[in-house]
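Okay, so here's the structure we're looking at.
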Protein chains: 2
Amino acid sequence: MAGNSTAAAPGGESLLFLTDEQLRNGIEAMFFAYRAFTADPDMILAAHDYGRAHHRAIHFINRQPGLTVSALLALLGVTKQSLNRVLRALVEDGLVEARVGRQDKRARHLYLTPAGQALERELSDAQRARMRAAYRAAGPQAVAGFRQVLEAIMDTDLRQTYQSVKGAPARSLSEREGQA
Amino acid sequence: MAGNSTAAAPGGESLLFLTDEQLRNGIEAMFFAYRAFTADPDMILAAHDYGRAHHRAIHFINRQPGLTVSALLALLGVTKQSLNRVLRALVEDGLVEARVGRQDKRARHLYLTPAGQALERELSDAQRARMRAAYRAAGPQAVAGFRQVLEAIMDTDLRQTYQSVKGAPARSLSEREGQA
DNA sequence: CTTGGAAAGTCAACAAGGCTGACGTAAAAT
DNA sequence: ATTTTACGTCAGCCTTGTTGACTTTCCAAG
């Protein structure tokens with residue numbers, strides 16, 4: 001079975017932190033923390049008649065202005081049809097601008113309008129405030145561990161995706177793609 | 001505004017870990033890690049024609065056998081109509097048993113049947129395997145930090161909820177409520 | 001040059017799982 | 001006796017995921 005709970009350490013280290021009970025606590029902590037993590041943006045979004053899907057799109061468009069729909073698709077991990085609905089609403093409401101590619105006219109390059117930037121700021125201010133408070137309370141060392149474990153939880157694919165975004169090229173894409 | 005990024009430390013500590021950039025990375029790490037975190041259970045659930053909602057119910061019923069519908073409601077933070085749909089399916093499929101309370105006959109106490117326990121094991125084995133690998137890769141100190149930050153992210157309410165479950169009384173509820 | 005496939009995006013329709021509102025019933029509490 | 005609590009249920013709505021069936025555009029091979 002899978003319950004090799006309190007195994008003695010082969011390398012001499014205490015492996016008590018690998019107990020099934022510890023793992024279960026970690027799983028539940030992820031569940032509750034993620035709920036809190038999305039709570040503030042959710043409230044703001046509801047006031048604007050948007051949902052989490054809109055938030056995610058706005059977040060990454062802000063992070064990499066000029067990225068294409070398919071690039072965004074790869075980041076979000078949803079179908080293009082699903083994303084399209086969200087994107088259409090944002091474009092119609094004037095929060096996002098979709099410019100046709102100069103070199104490849106099939107591609108749409110996405111940008112936040114000033115209104116879009118305003119909402120992005122509102123959302124990320126709230127979310128960062130919570131993270132900042134948590135980071136401050138836990139301290140730098142805990143934060144380092146936090147990040148380490150989160151990265152270890154990711155798949156190889158996702159970790160690469162994450163790493164590629166982390167650097168935040170910002171603006172480089174638009175230049176690379178030859179946009180205005 | 002909210003961008004007090006690289007502020008100098010009032011207490012003398014380096015506050016570089018509170019940079020907007022650092023916070024943004026943390027936010028994205030949460031997003032990607034949570035996706036990976038739910039990926040394995042999601043695949044198993046799809047094969048059984050269930051969704052995440054069923055998983056959550058099964059998880060907490062396993063954690064606290066004999067808990068009532070309203071207790072589960074409080075843990076999950078959804079409406080009873082939403083939970084009821086999920087619960088009805090699980091009861092009909094013979095994964096969950098709902099016993100009428102002995103002392104309070106209004107209450108339904110929930111238990112996993114052997115079939116329910118089997119699915120729970122399948123799901124949690126997969127999820128724990130991922131967490132175990134991540135914990136092992138990151139090491140005990142990182143795990144401690146991980147847990148600290150997650151708890152700090154939670155609201156006061158959620159933290160209390162989490163703490164109350166963490167102890168895992170398991171079986172104590174059924175006795176307290178006078179169940180068979 | 002044309003033609004056929006791949007890539008980008010759109011429209012339509014469906015399902016899961018949230019939500020609100022209204023109602024019913026039994027049991028408990030006052 | 002009345003009110004409140006715990007639970008179930010019906011009806012209907014919304015968001016956000018899905019698949020399937022198209023265009024339009026680009027590129028490469030014949």
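Chain letters run A, B, ... following the sequence lines, proteins first, then strands; residues in each count from 1.
The separation between A:L83 atom CG and C:dA7 atom C1' is 16 Å, rounded to whole Å. The separation between B:R52 atom CZ and C:dA15 atom P is 20 Å, rounded to whole Å. Here the C1' atom of nucleotide C:dG17 and the CG atom of B:L73 are 14 Å apart, to the nearest Å. Here C:dA16 presents its P atom at 9 Å from NE2 of B:H54, a figure rounded to the nearest Å. Going from atom NE2 of B:H55 over to atom P of C:dG17 covers 13 Å, rounded to whole Å. Taking atom CG of residue A:D49 and atom P of nucleotide D:dT16, one finds them 11 Å apart after rounding to whole Å. B:R99 has its CZ atom 18 Å from the C1' atom of D:dC7, to the nearest Å. Remark: P of D:dC14 and OH of A:Y50 are 16 Å apart, rounded to the nearest angstrom.
Toward the 5' end of DNA chain C, the nearer of the two residues B:K105 and A:Q81, judged by each one's closest nucleotide, is A:Q81. Residues B:G51 and A:R106 both approach DNA chain C. Their nearest nucleotides, taken by heavy-atom distance, put A:R106 toward the 5′ side. Mapping B:A107 and A:S82 onto DNA chain D by nearest heavy atom places B:A107 at the nucleotide closer to the 5' end.
Remark: the B:E120 side chain and the B:H55 side chain contain no N/O donor-acceptor pair separated by less than 3.5 Å.
B:L72 has its side chain out of reach of B:R108: every pair of non-hydrogen atoms, C-beta onward, lies at least 4.5 Å apart.
Annotation for B:Q81: atom CD counts as buried by contact number, over 12 foreign heavy atoms lying within 6.0 Å.
Proximity of A:R108 to the phosphate of C:dA8: no side-chain N or O atom is located under 4.0 Å from OP1 or OP2. Applying the 4.0 Å criterion to OP1 and OP2 of C:dA13, one finds that A:R85 has every side-chain N and O outside that range. Between C:dC11 and A:R88, a contact under 4.0 Å exists linking OP1 or OP2 to a side-chain N or O. Residue A:R56 places at least one side-chain N or O closer than 4.0 Å to OP1 or OP2 of D:dG17.
Contacts of A:K80 with the nucleic acid, taken as non-hydrogen atoms under 4.0 Å apart, include base atoms. Within 4.0 Å of A:T79, counting heavy atoms only, lies at least one base atom of the nucleic acid.
Among all heavy-atom pairs drawn from B:E97 and B:T113, the shortest one is N-CG2, 4.1 Å.
Between B:D40 and B:R128 there is no salt bridge, since none of the side-chain N atoms of the basic residue sits less than 4.0 Å from a carboxylate O of the acidic one.
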